[in-house]
Every structure is written in structure tokens, then in C-alpha cells.
Amino acid sequence: VGLELALLVAVTAFLFLGNALSPQWFAVAVVVTGLLWGYDLAGAAGHRGLWVGAVPIILSVTAGTLASYRFGNTGMAAATVGAVLLALAWSVLTPRFRPLESIATGALLSAIGAFGSGALMVLRLRSEAEMTSFLLVAAVAVAASWLAASTDLAPVDPLTAAVLGALGAGVLAGAIWSEDLWPTVVAAAAAAAGLVAGRNVGSLARSGGFFLTGATQGSLVHLDGMIMAAGGFWLVLHLLV
């Protein structure tokens with residue numbers, strides 16, 4: 001547990017550092033994070049007999065990051081479509097990935113990886129402050145979820161704790177870095193929905209069940225929600241601001 005927590009803290013700190021340095025360094029941080037996440041997710045799924053390729057997920061994250069950095073929203077959309085095609089092609093080239101469940105899971109996770117990493121990149125290109133706001137929302141939500149799961153003192157379940165943490169952090173981030181409070185709060189609510197969706201999708205792939213029905217395999221399970229949350233946070237700000 002200590003090693004898993006240290007790895008999660010290191011990844012989060014790298015994202016904060018890359019965001020503070022430049023968009024280029026942030027792109028590097030996103031790609032490295034995607035590499036670790038894809039390998040961890042595919043390995044956890046493989047342990048329960050669901051074969052999912054780590055390479056398509058990692059390549060999708062990389063393509064989503066680079067395409068979004070170069071072409072913005074258009075690049076993110078193209079990378080998301082390309083990620084699905086890549087996952088389907090990979091299943092043709094690799095026999096053990098040909099079962100329908102493996103194909104569907106691989107295509108979904110690749111699309112999530114491309115869209116989530118692309119959303120992170122276009123959000124950073126919009127504003128360092130907006131990216132900092134999202135990282136704060138995600139970090140507080142993950143910390144609240146981890147504390148609720150690790151102790152018996154929390155009055156709510158880990159999923160509810162993550163949602164409440166995201167909303168509270170959204171209010172704080174909006175008050176500090178935004179001229180208008182309400183767009184950031186609405187974006188934080190969308191990120192909270194993405195956290196719930198991402199954790200459950202990741203849990204289904206890793207352990208074959210929903211997040212609250214049992215233990216989830218893997219060392220970077222909290223990144224499942226963060227990847228999805230980035231898309232929701234960016235989309236709301238793109239529509240409202």
C-alpha cells in the first residue's frame with residue numbers, strides 16, 4: 001500500500017510540476033503518466049484472464065497528447081477516433097486479443113486514454129490556471145477517496161467522498177484562479193461525474209465488478225477516474241468560458 005501511494009503521489013507531483021514549467025513539459029508528464037497507467041491497467045486485467053493490450057492504450061495516450069498539442073481540439077477528436085481503429089487493428093494482429101470482450105474493452109480504454117490525455121493537453125494550452133484548478137480538484141478527490149477506503153472513520157463511502165472532495169476543491173479553485181466562480185464549480189461537478197464513471201470502467205476491466213463491490217486490482221486505480229474527469233472538466237469550461 002505504501003508503494004502504491006508513493007507512486008500515485010509521484011505521478012501527481014510530476015503533473016503539477018510539468019504544468020508549472022511549460023506546456024511541453026506537461027505533455028511529457030501526461031505521456032509518462034499514460035505509459036504507467038496503460039501498463040498497470042492491462043496487467044491488472046490480464047491477471048483475471050481479460051487480455052487487453054497495453055501498447056494500444058499507451059500509443060493512444062501519446063497520440064492524444066501530441067495531436068492535441070499540435071492541432072488543439074481537432075487533433076484530440078482525430079486521436080480519439082484513431083485510438084479505436086488502432087485497438088481494433090491490434091486485435092487482428094494479436095490472436096489472444098481477439099475475443100469480443102477483449103476487443104470491446106481495448107477499444108473503449110484506448111478511446112478513453114486518447115480523449116482524456118487530449119483534454120488534459122488542450123486544457124493546459126487554454127490556461128495554466130485552469131489546468132491547476134483541475135489538478136487540485138482531481139488530487140483532492142483522489143485523496144478523499146483513498147482516505148475513505150483506508151480508514152473506518154469516514155462517514156461516507158469512497159465514491160461519495162471523491163465526489164464531495166471534487167466539489168469542495170472546485171469551489172476553492174474557482175475562488176483562487178477564476179474570475180467567475182460558477183464555471184469552475186460546474187466543471188468540478190462534471191469532473192466528479194467523470195471520476196465516478198472512470199473508476200467504474202477501470203474496476204470492470206481490472207476486477208470484473210463495479211468499484212464498490214470488491215477490491216480493485218492494480219497500483220494506479222485512481223488514475224482511471226482522473227483520465228475520464230479531465231474530459232468532463234475541459235468540456236464544461238470549453239462550453240461556458
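Note: hydrogens, waters and symmetry copies are ignored here, and every other heavy atom, side chains too, is used. Predicted model only: the values in this text are computed from it and were never measured.
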At what distance, to the nearest 0.5 angstrom, does [atom1] of [X] lie from [atom2] of [Y]?
{"X": "Asp224", "Y": "Asn200", "atom1": "CG", "atom2": "CG", "result": "10.0 Å"}
{"X": "Leu125", "Y": "Glu130", "atom1": "CG", "atom2": "CD", "result": "11.0 Å"}
{"X": "Leu15", "Y": "Met131", "atom1": "CG", "atom2": "CE", "result": "7.5 Å"}
{"X": "Leu85", "Y": "Trp90", "atom1": "CG", "atom2": "CH2", "result": "15.0 Å"}
{"X": "Thr33", "Y": "Phe26", "atom1": "OG1", "atom2": "CZ", "result": "8.0 Å"}
{"X": "Leu123", "Y": "Ser68", "atom1": "CG", "atom2": "OG", "result": "11.0 Å"}

With a 4.5 Å limit on heavy-atom distance, are the side chains of [X] and [Y] in contact?
{"X": "Val236", "Y": "Pro183", "result": "no"}
{"X": "His222", "Y": "Arg199", "result": "yes"}
{"X": "Arg206", "Y": "Asp40", "result": "yes"}
{"X": "Arg126", "Y": "Val241", "result": "yes"}
{"X": "Leu35", "Y": "Thr62", "result": "no"}
{"X": "Met226", "Y": "Trp37", "result": "no"}

**Report entry** Evaluation steps, side chain to side chain contact (heavy atoms under 4.5 Å, CB included), between Phe115 and Ile227
**Finding:** CA-CA 8 Å; Phe115 176 64; Ile227 296 292; over 6 Å; no

Please answer: with hydrophobic residues joined when any side-chain heavy atoms are less than 4.5 Å apart, are [X] and [Y] in the same cluster?
{"X": "Leu220", "Y": "Leu41", "answer": "yes"}
{"X": "Leu59", "Y": "Val31", "answer": "no"}
{"X": "Leu8", "Y": "Phe16", "answer": "yes"}
{"X": "Leu36", "Y": "Val61", "answer": "yes"}
{"X": "Val186", "Y": "Leu181", "answer": "no"}

Query raised in the report: Does any pair with a residue in residues 63-86 pass ring pair (Phe, Tyr, Trp, His ring centres under 6.0 Å), and if so which ones, sequence neighbours excluded?
Result: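 Every candidate ring pair (Phe, Tyr, Trp, His ring centres under 6.0 Å) pair involving residues 63-86 fails, so no pair, neighbours aside, qualifies.
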
Query - side chain to side chain contact (heavy atoms under 4.5 Å, CB included) evaluation trace for Thr105 with Glu101 - result: CA-CA 6 Å; Thr105 304; Glu101 186 179 5; 4.1 Å; yes

Taking [X] for the side chain and [Y] for the main chain, is one N or O donor matched with an acceptor at less than 3.5 Å?
{"X": "Ser110", "Y": "Ala107", "result": "no"}
{"X": "Thr94", "Y": "Arg96", "result": "no"}
{"X": "Ser102", "Y": "Arg98", "result": "no"}

Nearest heavy-atom neighbours spanning [X] and [Y]:
{"X": "Ala230", "Y": "Gly116", "result": "CB-O, 3.9 Å"}
{"X": "Gly198", "Y": "Met228", "result": "CA-CG, 3.5 Å"}
{"X": "Gly75", "Y": "Ala67", "result": "O-CB, 3.4 Å"}
{"X": "Met121", "Y": "Ala27", "result": "SD-CB, 3.7 Å"}
{"X": "Val137", "Y": "Ala191", "result": "CG1-CB, 4.3 Å"}
{"X": "Gly38", "Y": "Ile57", "result": "CA-CG2, 3.8 Å"}

Query raised in the report: Between Leu136 and Trp177, is a side chain to side chain contact (heavy atoms under 4.5 Å, CB included) present by the stated rule, with each step listed?
Result: CA-CA 11 Å; Leu136 177 64; Trp177 290 296; 3.7 Å; yes

Query - Residue Tyr39 excluded, over 12 heavy atoms near OH under 6.0 Å - result: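 Check fails, neighbour count at 12 or below.
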
Query raised in the report: Side chains of Asn19 and Thr132: donor-acceptor distance under 3.5 Å anywhere?
Result: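 Yes, a side-chain donor-acceptor pair sits under 3.5 Å.
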
Requested in this report: Starting from the C-alpha separation in whole Å, work towards a yes-or-no answer on side chain to side chain contact (heavy atoms under 4.5 Å, CB included) for Leu159 and Ser145.
Outcome: CA-CA 6 Å; Leu159 210 54; Ser145 178; over 6 Å; no

